[in-house]
Amino acid sequence: MKKSTRIIIPIVFIFFSLLYIILSFSIEQRKMIGDEMGWDPGSRAMPIGIGFLMLGVSIYLFFKERKSGEEEITLDFASKKLIIITIMLSILYILFFRFVGFILSTNVLLFTLIYFYYKRDIKWNMMRNFSIGLLASTGAMILFYSIGRYVTHFLFLIGRRSNSEIFSGRLFMTGVTFLILLFIFFTMLLLFRKAIKNENFRIPLLSGFVTIGVTEFIYIIFKQIFWVSLAKGLIFW
Amino acid sequence: MEELISGFLQIFNVGTILWVALGEVLGIILGALPGLTATMGIALMIPISFQLSKATGIALLLGVYCGAVSGASIPAILLGIPGNPNAIATVYDGHAMTKKGLAGQALGGAVVASFIGGIASLIILVLFSPLIAKMTLAFGPAEKACLAMVGLTIIASVSTKNLEKGILTGLLGLSLSLLGTDPFSNALRIPFPDLLAKTPLTSGINLIPALIGLFGISQVLFDLERIKQGHIAPPQVKIDRVFPPLKKIARMWRILIESTGIGTLIGAIPGTGASIAVFLSYERAKNITLSPKWKLGKVGTGCLEGVIAPEVANNAVTGGALIPALSLGIPGDAATAVLLGALLIKGVVPGYQLFSQEMSLVYAIFFALFLSNIFMLTFQLAGVRLFPKVLAVPMAILIPIILVLSLIGSYAIQGQAILSAIFDMGVALALGIFGYFLKKGGYPIAPIVLGLILGGMFEENFRRAVKLAGGNYFVFFTKPIAILFIALAIFSVALPLLKKRK
């Protein structure tokens with residue numbers, strides 16, 4: 001980080017403190033419930049106090065950083081690109097999570113990041129291979145997810161018909177689904193092992209396999225074990 | 001007795017044992033990967049622990065904590081790169097032993113030392129934390145407000161070379177903790193209340209996404225700079241004899257006792273952390289081994305003593321750091337700050353209340369720490385040839401996985417309410433990006449977390465104290481314990497300044 005960049009942080013803090021102070025003054029000043037005598041400092045005392053303290057320290061740091069002769073190492077362009085892409089994709093992931101759904105958005109985010117991180121230096125001419133890889137990975141992911149859903153649904157029906165607590169139990173269904181998917185995953189990995197060793201296919205295949213495995217694993221842990229409502233989005237089944 | 005049995009049963013059941021084992025393995029793997037810290041591991045596991053029962057969730061996190069602290073010795077010994085800053089002192093003799101062809105003994109010695117340090121500090125934790133918690137009975141609102149201030153100033157002053165940066169990030173944490181609704185009057189304290197009154201912001205900043213963002217996502221962005229280095233080649237080291245000779249370890253009794261003492265004591269001082277403890281114990285061991293009467297190898301020359309001393313201290317910190325966390329609600333280091341956050345989220349209030357009303361949970365925590373140490377010893381010794389292989393996992397794969405886990409982990413906390421859950425993901429990402437830039441600028445992250453955790457405690461007790469004193473703001477200078485805490489706070493701020501002047 002360059003010296004000029006280092007000064008930016010105290011400036012950001014100064015603006016943040018000023019905004020914080022202004023907004024603190026706009027808070028409705030309410031006393032503690034039951035404080036008939038009005039001895040409580042009130043709801044905006046602490047925010048105002050903290051805001052001014054923060055402003056004071058930020059101004060002091062601004063002048064101190066300006067005087068300081070220290071310079072730190074700057075980031076190379078490739079690393080900067082990776083950081084910007086990671087931040088942008090994460091923002092898009094959050095914005096579209098609800099509409100696109102967990103499976104598809106996680107697939108896109110993971111595949112893209114692993115692919116680009118492997119390449120390290122991103123260039124336009126790699127976009128064709130990347131797009132083909134992403135499409136293939138998305139297709140395989142949908143297929144893999146659908147098999148998992150079908151297996152769980154099938155086990156659920158068996159469990160209900162058998163009236164057995166074990167067969168209709170969450171852990172049994174999740175465990176069997178997980179084992180079946182694991183078997184399919186490793187069979188696919190074995191089938192593609194020669195292609196993975198080929199330099200031309202190595203990165204897209206590795207990115208695809210890791211993406212599918214991790215996405216499904218997270219889905220099983222959070223959705224099937226902990227019943228977290230992961231957004232379905234476009235994949236509605 | 002009933003509480004002891006209840007605590008035992010809360011941990012020693014199949015489900016919890018499996019979760020602790022899983023946490024331990026994950027911890028060792030995270031600790032072994034350079035750049036990934038125990039703090040980050042705990043933060044990433046909080047969403048899963050949140051879904052489990054209180055005792056099981058905390059036990060899982062303690063498993064990750066113990067595993068990560070001890071696992072950091074693997075790359076330190078084999079590659080000469082510490083898994084995290086706590087293993088820096090292990091590099092000197094540990095890597096020198098690897099070069100001599102004694103990698104197995106160094107790894108085994110580090111594991112045994114970690115176990116000794118962990119268990120010894122656990123005994124101290126069991127003995128002292130109830131006593132300290134009892135002392136808090138004498139604390140009124142004024143004392144509690146000053147205690148929160150001490151916790152903040154100490155961590156701000158020792159977590160960075162630059163005191164002002166520590167104070168500033170501590171204040172940032174405090175300012176963020178005040179967002180939401182005033183706890184006493186229900187007045188909204190959010191920007192643009194007319195516009196944002198129906199958004200999740202009214203509940204304030206949720207601690208879990210904040211922790212995940214600050215320790216998980218910021219670390220992901222930080223590690224991106226290392227991507228270009230590719231992955232570290234797995235060490236091609238022959239590991240033969242692993243278990244160190246017991247007679248030799250017995251001869252080191254003085255090093256073991258002193259390192260345990262240093263680790264536990266330093267760990268118990270809020271904000272100090274293991275990196276100070278490991279250097280102090282290493283230096284002490286160096287002095288001890290200089291004397292020929294102990295018949296020990298000289299520390300610094302690539303001998304087992306130089307591995308044992310820092311590793312005992314490193315793991316003794318785990319028990320030590322939990323003493324103030326459990327008894328006072330003030331964490332000993334960044335990792336325990338995250339653990340404390342997890343406890344608070346689970347509705348566990350540290351201090352006398354915890355020791356008087358939820359003693360079975362306290363016992364469960366002690367048993368969980370014991371079990372974690374047992375697993376740490378077993379897994380690390382059994383997997384001494386296996387765990388180094390994780391060093392071969394490319395960062396290009398690891399970083400995206402951690403990022404997705406961080407985002408989904410933040411989402412999962414309020415996973416039933418999609419909008420709030422997405423808001424939490426946004427909080428995690430925003431704080432993660434901000435945390436990254438702060439780290440780049442040399443600003444410490446731990447004070448933000450402490451500010452977020454202690455902000456509520458500070459404000460509530462401050463206002464209560466002033467109100468009870470009839471609006472007198474000088475009430476803090478009328479109570480001896482409060483004065484002591486204020487003096488401690490001033491001392492912690494003044495000491496680094498005085499050192500600089502020298």
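Within every chain, numbering begins at 1; the chains are lettered A, B, ... in the order of the sequence lines, protein sequences first and strands thereafter.
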Checklist outcome for this item: Pair count under 4.5 Å, heavy atoms only, with chain A: among B/A469, B/G426, B/G471, B/G470, highest is B/G470
Next on the checklist: I need the A/M54 CE to B/L172 CG distance, nearest 0.5 Å.
Outcome noted: 6.0 Å
Checklist entry - Hey, are the side chains of B/I399 and A/L113 touching, using non-hydrogen atoms and a 4.5 Å cut-off? => result no
Item to check | Student check: side-chain heavy atoms of B/L168 and A/S58 closer than 4.5 Å | outcome: yes
Next on the checklist: Do A/S90 and B/L403 have side chains that approach each other closer than 4.5 Å (heavy atoms only, starting at C-beta)?
Outcome noted: yes
Item to check | Whether over 12 other heavy atoms sit under 6.0 Å from A/F217 CZ | outcome: no
Checklist entry - With only heavy atoms counted, which part of A/L230 is less than 4.5 Å from chain B, the side chain, the backbone, both or neither? => result both
Item to check | Side-chain heavy-atom pair B/L221, A/I87 within 4.5 angstrom cut-off | outcome: yes
Checklist entry - If you measure from CD1 on B/I408 to NZ on A/K223, what distance do you get to the nearest 0.5 Å? => result 12.0 Å
Checklist entry - Which bit of A/F102 comes within less than 4.5 Å of chain B, counting heavy atoms only: side chain, backbone, both or neither? => result side chain
Checklist entry - Atom OG1 in A/T86, atom CD1 in B/I217: separation rounded to 0.5 Å? => result 11.0 Å
Checklist entry - What part of A/Y118 lies closer than 4.5 angstrom to a heavy atom of chain B: side chain, backbone, both or neither? => result both
Checklist entry - What part of A/I91 gets closer than 4.5 Å to chain B, counting heavy atoms only: side chain, backbone, both or neither? => result both
Checklist entry - If you tally heavy-atom pairs under 4.5 Å against chain A, which of B/L407, B/I413, B/V220 wins? => result B/L407
Checklist outcome for this item: Ranked by heavy-atom pairs below 4.5 Å to chain A, first place among B/G455, B/P183, B/A412 goes to B/A412
Checklist entry - Taking side chain as C-beta onward, heavy atoms only, is B/L438 less than 4.5 Å from A/F13? => result yes
Checklist entry - Salt-bridged, A/D40 to B/R463, with N to O below 4.0 Å? => result yes
Item to check | Which portion of B/I433 sits near chain A, non-hydrogen atoms under 4.5 angstrom | outcome: side chain
Checklist entry - Is the A/F97 to B/Y411 ring centre distance short of 6.0 Å? => result yes
Checklist entry - Passes side-chain contact (heavy atoms from CB on, under 4.5 Å), B/F458 versus A/M46? Steps please. => result CA-CA 10 Å; B/F458 180 66; A/M46 196 62 74; 3.8 Å; yes
Checklist entry - With a 4.5 angstrom heavy-atom cut-off, which part of A/I218 approaches chain B: side chain, backbone, both or neither? => result side chain
Item to check | Which portion of A/L53 sits near chain B, non-hydrogen atoms under 4.5 angstrom | outcome: both
Checklist entry - Given that the side chain runs from C-beta out, which part of B/N472 has a heavy atom under 4.5 Å from chain A: side chain, backbone, both or neither? => result neither
Next on the checklist: What part of B/Y473 gets within 4.5 angstrom of chain A, counting heavy atoms only: side chain, backbone, both, or neither?
Outcome noted: side chain
Checklist entry - Once you round to the nearest 0.5 Å, how far does CD of A/E28 lie from OG of B/S185? => result 7.5 Å
Checklist outcome for this item: Heavy-atom closest pair (A/I50 atom, B/L171 atom, distance to 0.1 Å) is CG2-O, 3.7 Å
Item to check | Structural part of A/I114 lying under 4.5 Å from a heavy atom of chain B | outcome: both
Checklist entry - Which region of B/P193, side chain (C-beta onward) or backbone (N, CA, C, O), has a non-hydrogen atom less than 4.5 Å from a non-hydrogen atom of chain A, or is it both or neither? => result neither
Next on the checklist: What I'd like to find out is whether the side chain of A/W39 reaches to under 4.5 Å of the side chain of B/L468, using heavy atoms alone.
Outcome noted: no
Checklist entry - Under a 4.5 Å heavy-atom cut-off, does chain A meet the side chain of B/L419, its backbone, both or neither? => result side chain
Checklist entry - At a heavy-atom separation under 4.5 Å, does A/F226 approach chain B through its side chain, its backbone, both, or neither? => result both
Next on the checklist: Run the side-chain contact (heavy atoms from CB on, under 4.5 Å) test on B/L224 and A/S79 for me, step by step, so that the C-alpha distance in whole Å, both residues' side-chain angles and the decisive distance to 0.1 Å come before the verdict.
Outcome noted: CA-CA 7 Å; B/L224 269 180; A/S79 298; over 6 Å; no
Checklist entry - For A/F16 and B/S175, what are the C-alpha separation, side-chain angles and deciding distance, and is it a side-chain contact (heavy atoms from CB on, under 4.5 Å)? => result CA-CA 10 Å; A/F16 177 76; B/S175 69; 3.8 Å; yes
Next on the checklist: Heavy-atom cut-off 4.5 Å, strictly under: side chain, backbone, both or neither for B/I401 against chain A?
Outcome noted: both
Item to check | Separation of B/I422 CD1 from A/F96 CZ (nearest 0.5 Å) | outcome: 11.5 Å
Item to check | Heavy-atom check, side chain of B/I190 versus side chain of A/I27, under 4.5 Å | outcome: no
Checklist outcome for this item: Okay, A/Y93 and chain B: the region with an atom under 4.5 Å from a heavy atom over there is side chain
Item to check | Neighbour count above 12 (heavy atom, 6.0 Å) for A/F192 CZ | outcome: no
Next on the checklist: Quick one, A/E65 and B/K165 - any side-chain contact, counting heavy atoms below 4.5 Å?
Outcome noted: yes
Checklist entry - Does any heavy atom of chain B fall under 4.5 Å from the side chain of A/L23, the backbone, both, or neither of them? => result side chain
Checklist entry - Are the side chain of B/R189 and the backbone N or O of A/S43 linked by a donor-acceptor pair below 3.5 Å? => result yes
Item to check | Interatomic spacing from CZ in B/F184 to NZ in A/K31 - rounded to 0.5 Å | outcome: 13.0 Å
Item to check | Contact winner vs chain B - A/F222, A/Y20, A/Y115, heavy-atom pairs under 4.5 Å | outcome: A/Y20
